[in-house]
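To keep things clear, I will list the structure first and then write my remarks on it.
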Amino acid sequence: MGIEIERKFLVANDTWRAQAQRATRFSQGYLSRDPARTVRVRIAGEQAFLTIKGATRGATRAEFEYAVPLEDAQALLTMCDGPVVEKIRHLCLCDGMTWEVDEFLGANAGLVLAEIELEDEAQPFTRPAWLGDEVTGDGRYVNANLAVRPFTRW
């Protein structure tokens, strides 16, 4: 079974850009936003994926991700429950760890989040100077919720 252990943080300033290695535009929608089992379709650049995630416990949840044809993903996005979330993901290296910094677009414009995937919830990591408050347990920052309750409407 696939497991995702992820911690999420607000980004305090733009100094992360000096560490950015690559940027990819994402479009993602949800076929199911049930917290017990979300089903997401995502287009990342020219690649597409279908992802099923289980309920979150702490910073851990089951995750299964499968590549799908781009044309299928484009069709699935039209079937999603709620609007599509648009963002640009930047990969940033910091002390041997990869951070994913998401700059949200559209109705979530102005929101910038950083995520780190860990091997274990207790795994230590260095907090970059540009990192703000942790929002791992705050449901407002879950992408499935941002689709229907965008940041600009809080």
Side-chain angles (χ1 to χ4, degrees), residues 1-30 32-68 73 82 84-154:
M1 175 170 66
I3 298 290
E4 172 185 62
I5 303 171
E6 177 180 86
R7 293 185 53 192
K8 188 179 292 193
F9 299 82
L10 294 172
V11 173
N13 58 57
D14 279 348
T15 59
W16 61 269
R17 292 184 187 281
Q19 294 170 306
Q21 303 290 311
R22 181 174 42 124
T24 305
R25 186 178 179 112
F26 283 56
S27 299
Q28 62 189 47
Y30 293 85
S32 170
R33 291 183 300 103
D34 183 323
R37 64 193 97 32
T38 59
V39 180
R40 176 186 74 202
V41 59
R42 172 186 277 173
I43 296 175
E46 296 299 315
Q47 298 181 307
F49 303 91
L50 187 63
T51 306
I52 300 101
K53 295 186 180 195
T56 301
R57 301 218 177 359
T60 303
R61 63 183 161 184
E63 179 184 60
F64 304 90
E65 186 165 75
Y66 307 97
V68 297
V84 172
V85 173
E86 302 281 346
K87 61 187 179 181
I88 299 173
R89 173 164 288 171
H90 305 267
L91 299 182
C92 299
L93 300 176
C94 180
D95 289 331
M97 301 289 288
T98 300
W99 289 83
E100 298 171 341
V101 177
D102 289 340
E103 284 187 286
F104 288 83
L105 307 170
N108 289 296
L111 179 60
V112 183
L113 295 174
E115 298 175 352
I116 187 169
E117 290 202 18
L118 304 170
E119 297 294 322
D120 178 278
E121 282 199 33
Q123 179 181 346
F125 59 89
T126 302
R127 288 178 57 104
W130 42 263
L131 212 57
D133 293 336
E134 184 165 6
V135 295
T136 300
D138 189 335
R140 295 177 300 167
Y141 296 98
V142 172
N143 284 271
N145 292 336
L146 289 170
V148 293
R149 288 184 282 297
F151 175 70
T152 57
R153 297 189 193 139
W154 292 357

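Keep in mind the model is a prediction, meaning the values are calculated, not measured.
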- Nearest non-hydrogen partners of Asp34 and Ala36, listed with the distance: OD1-N, 2.8 Å
- Smallest separation among heavy atoms of Ala147 and Tyr30, with atom names: CB-CD1, 4.4 Å
- CD1 (Ile3) and CD1 (Ile5) are apart, to the nearest 0.5 Å, by 7.0 Å
- Message: Taking salt bridge (charged side-chain N to carboxylate O under 4.0 Å, His left out) as the cut-off, I'd like each qualifying pair that reaches into residues 104-116, sequence neighbours left out, listed once.
- Response: Lys8-Glu115, Arg89-Glu115
- Any residue meeting side-chain contact (heavy atoms from CB on, under 4.5 Å) with Ala107, in chain and number order, not counting sequence neighbours: Pro150, Thr152, Arg153
- Note on the structure: Heavy atoms of Leu113 and Tyr141 approach each other most closely as CD2-CD2, 3.8 Å
- Query: Ignoring hydrogens and geometry, is there a side-chain-to-backbone donor-acceptor pair from Asn108 to Leu146 under 3.5 Å?
  - Reply: yes
- Side chains of Asn143 and Arg40: does their closest heavy-atom pair fall under 4.5 Å? no
Could you list the donor-acceptor pairs under 3.5 angstrom formed between side-chain atoms of residues 9-16 and any protein atom two or more places apart in sequence or on another chain?
{"residue": "Asn13", "atom": "OD1", "partner": "Thr15", "partner atom": "N", "Å": "3.0"}
{"residue": "Asn13", "atom": "OD1", "partner": "Thr15", "partner atom": "OG1", "Å": "2.5"}

- Check against side chain to side chain contact (heavy atoms under 4.5 Å, CB included), Val101 and Trp130: CA-CA 11 Å; Val101 177; Trp130 42 263; 3.9 Å; yes
- Phe26 and Val85: side chain to side chain contact (heavy atoms under 4.5 Å, CB included), yes or no, with the steps? CA-CA 8 Å; Phe26 283 56; Val85 173; over 6 Å; no
- Looking at CD1 of Ile52 and CZ of Phe64, how far apart are the two atoms once the value is rounded to the nearest 0.5 Å? 8.0 Å
- Message: Working to the nearest 0.5 angstrom, can you tell me the gap between Arg25 CZ and Ile88 CD1?
- Response: 6.0 Å
- Query: Do Leu91 and Glu100 come close enough that some side-chain heavy atom pair is under 4.5 Å?
  - Reply: yes
- Leu118 vs Met97 side-chain heavy atoms within contact, under 4.5 Å: yes
- Message: For residues 41-50, which residue pairs pass the side-chain hydrogen bond (donor to acceptor under 3.5 Å, both in side chains) check, not counting sequence neighbours?
- Response: Gln28-Arg42
- Task: Tell me, please, which residues at least two apart from Arg149 pass salt bridge (charged side-chain N to carboxylate O under 4.0 Å, His left out).
- Result: none
- Leu131 side, atom CG; Thr126 side, atom OG1 - distance, nearest 0.5 Å: 11.0 Å
- Taking all non-hydrogen atoms of both residues, which atom of Gly139 and which atom of Asn145 are closest, and how far apart? O-ND2, 2.7 Å
- Task: Only counting residues at least two apart or in another chain, list the ones meeting side-chain contact (heavy atoms from CB on, under 4.5 Å) with Val84.
- Result: Ser27, Leu77, Glu86
- Between the NZ atom in Lys53 and the CD atom in Glu63, the distance rounded to the nearest 0.5 Å is 4.5 Å
- Test side-chain contact (heavy atoms from CB on, under 4.5 Å) applied to Thr56 - qualifying residues, sequence neighbours left out: Arg61
- Message: Applying side-chain contact (heavy atoms from CB on, under 4.5 Å), can you list everything that pairs with Arg57, at least two apart in sequence or on another chain?
- Response: Ala55
- Item | Shortest non-hydrogen contact between Cys92 and Ala20, atoms and distance | SG-CA, 3.7 Å
- residues 119-136 vs salt bridge (charged side-chain N to carboxylate O under 4.0 Å, His left out), sequence neighbours excluded, gives Arg7-Glu134
- Item | Smallest separation among heavy atoms of Gly58 and Thr136, with atom names | O-CG2, 4.3 Å
- Item | With sequence neighbours excluded, residues passing ring pair (Phe, Tyr, Trp, His ring centres under 6.0 Å) with Phe151 | Trp154
- Is a side-chain donor-acceptor pair under 3.5 Å present for Gln19 with Trp99? no
